[in-house]
Number of protein chains: 2
Amino acid sequence: MTDSGTTAARPPTLAAVAARAGVSVSTASLAFSGAGPVAESTRERVRAAAAELDYAGPDPRGRSLRSGRSGIVGVVLQERVLEAFRDPINIAVLDGIAQEVSPQGRALLLLADMGESAHAVQTTVMDAIVLVACSPAIARTIEQARRRDVPIVAIGGPVVPGVLSVSIDDRAATAQLARHLADLGHRDVSMVTLPLDLDRTRGPLTAERIAASTTMVADERILGVRDVFPAAGGVVAAGSYVDEGVLAGHALLADPAHRPTAVVAQSDLLAAGVIRAAQECGLRVPEDLSVVGFDGVRVDDAVPHDLTTMVQPAAEEGRAAGRAVLALLDGPEAADGAAPEGVAFTCTFHRGATTAPPRATT
Amino acid sequence: MTDSGTTAARPPTLAAVAARAGVSVSTASLAFSGAGPVAESTRERVRAAAAELDYAGPDPRGRSLRSGRSGIVGVVLQERVLEAFRDPINIAVLDGIAQEVSPQGRALLLLADMGESAHAVQTTVMDAIVLVACSPAIARTIEQARRRDVPIVAIGGPVVPGVLSVSIDDRAATAQLARHLADLGHRDVSMVTLPLDLDRTRGPLTAERIAASTTMVADERILGVRDVFPAAGGVVAAGSYVDEGVLAGHALLADPAHRPTAVVAQSDLLAAGVIRAAQECGLRVPEDLSVVGFDGVRVDDAVPHDLTTMVQPAAEEGRAAGRAVLALLDGPEAADGAAPEGVAFTCTFHRGATTAPPRATT
DNA sequence: CTGTTAGCGCATTCAT
DNA sequence: ATGAATGCGCTAACAG
């Protein structure tokens, strides 16, 4: 009784509906789109015909070719799905975008895993794209979007002309954390950074690596620390995950003779990892080691401690990006060059229980 | 210097490229699609012309109208993004789908939040859709898809004819957990279930609620418990989150006079919540209370303990769904009714450290 | 191998 | 308020 695969009768078209209703295609179109004046009686007739034919409404393909709009908003993530969504900050941002965009009838196209995203932008229909957690490495993706005349909004991205930017005060916020540590009396501070390049190579934080970095967010946060501790060193993690934080923590704490008294991690997940590493080294937090994070996404127990961190308005950023997209699409009516402007958000300091004055040095 | 909004010169078309290369449009098309025989020299000329015009390749809109294929695979989630991705099982499934589908040049369209999904299916172009963690409540979505001739794959969904189903042995797997508890000597077992309806109402698990349930997965798992403990009661949670588990746990453990000796939670996150609730009640796990979960997704510390659970091949399920989608699209060459068949997976028992014999009753 | 001929299904002028 | 015409940009058949 499976009625699929038998006759393969194609779905009815608007033309079929119009014919059955005894009106022209254009009138039927108007009846559905709501635009333009249509007599109530006519509209009713069209509706009836549609119901009889089990017509599902105008085919999105025809509509998108004709109108130039598909209702699809691409969202580019750097990593594959599994990795990208390990960090709740990305989920929050995505949710924020969806909040603004889906009530307007737009759907989100997930472009995860860099390699593919450039290709997808080239071959998949979309009205605009949002770059999440982006680095200059997506230059190729940006290029493709440009050529297709697809407007771009970047969250935390490089400020390229023509790309609308939604950002936060990474540097200042991190500096605030660093100052907090300085005020507590810390002098020997290390950091754990987000990946600096596409390879996501782990390793010590060297001048060369910073010079070669392609990740703006990480760079800014490094600068923030050094605004307060100019000589601060650290290690580079391969991603914003707890286990990466553990690895980094061990790297930092391995040598009892050269342990920092505080660690600035560039994300809460990394901070959680550092704390665990500290515990594994027999250190107590915050008595023996202070740890601060970044993001402020409280998700169940991913971050067990009450972490001292900078709270980032992730959902707000997503929403701002969503709004920007809508503005870019709905309102090219900005006749006077009043193109939508970028938005900058501010993080707020949260003093948790993972920071304290350093132990008296022996 | 922002070159957008000035002259609005539309992107070049294939026709323009063809003209510049001095070939026909169809030849140019072949040169890009790779299908069909094209002389190397010609192809070269076309490529050159495209480069000169900064042509980004065939416009997906025209292509999708003409060919009927968009390369877009819709993924329907019941909750909004923020909630859906709180449970790593969903992320794993989504990643599995992406694994199969994106190397084939397909992109995922996120249809989160039920309400909108039916509308999106009606208005957004897509070649197929995958229903994740679905309940019969998406009937409307299914209807829309059908009318559009969009093939459907359901993961853990109701077995509707015409919908390809990817499932696991929920009932048998849960029964196995229950038997494990029975073997340990437990007789007084309660459960914490996933939401039974769209409202996601919390409350005691009553016969009426089960009768009115629209969630197949939850139903099956309840049956699994009752295969072993026919009289087992429990509470219904409002979602698969740790904090819901805490709530449910407190509900179950509130009265010291009527505490179960073991709890079967329908997800690992819920189990983690129950464990926390137990601790807050001054109970030790597993000495005073045994707890089992379901899913087996190890994600950093979301589930702090080594949980006794049934491990679900989440990524495999996603991949199976992805493959099914591809088969449905690439191969309607199943001339002989050899339509792709559904797949059923099996969970594997993991004995963790959260189960033990019950305390000797006083 | 290449060009010619047809539309895919629809939204939008412009008439009436 | 409705209808007739015109492509949107492209690919699939067929000719040659």
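Protein chains get the first letters and strands the later ones, always in sequence-line order, with residue 1 at the start of each. This is a predicted model, so every value here is computed, not measured. Computed over heavy atoms, backbone and side chain alike; hydrogens, waters and symmetry mates excluded.
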Could you tell me whether [X] contacts a base, only the sugar-phosphate backbone, or nothing, with contacts defined as non-hydrogen atoms closer than 4.0 Å?
| X | answer |
| --- | --- |
| B:T42 | sugar-phosphate |
| B:T13 | sugar-phosphate |
| A:S64 | nothing |
| A:P37 | base |
| A:L14 | sugar-phosphate |

Any side-chain N or O of [X] below 4.0 angstrom from OP1/OP2 of [N]?
| X | N | answer |
| --- | --- | --- |
| B:S24 | C:dT4 | no |
| A:R61 | D:dC10 | no |
| B:Y55 | D:dG9 | no |

Exercise. Between B:L164 and B:P151, is any pair of side-chain heavy atoms under 4.5 Å apart?
Worked result: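 No, side chains not in contact.
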Exercise. Has the side chain of B:S26 got a donor or acceptor that lies under 3.5 Å from a partner of the other kind on the base of C:dG3?
Worked result: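 Flag set: donor-acceptor pair detected.
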For this session: Using five pairs at either end of the helix from C:dC1-D:dG16 to C:dT16-D:dA1, determine the angle between the two local helix axes and round it to 10 degrees.
Result: 30°
Between [Y] and [X], is there a salt bridge with N-O shorter than 4.0 Å?
| X | Y | answer |
| --- | --- | --- |
| A:R80 | A:E83 | no |
| B:D54 | A:R147 | yes |
| B:E44 | B:R47 | no |

For this session: On DNA chain D, check which nucleotide each of A:T27 and B:D59 is closest to and give me the residue with the more 5' one.
Result: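 Looking at the nearest nucleotide for each, A:T27 comes out on the 5' side.
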Rounding to a whole Å, what distance do you find between [X]:[atom1] and [N]:[atom2]?
| X | N | atom1 | atom2 | result |
| --- | --- | --- | --- | --- |
| A:L30 | D:dT2 | CG | P | 9 Å |
| B:R63 | C:dG9 | CZ | P | 18 Å |
| B:R10 | D:dG7 | CZ | P | 13 Å |

Problem set entry | Closest-nucleotide 5' rank along DNA chain C - winner of B:V25 and B:S67 | B:V25
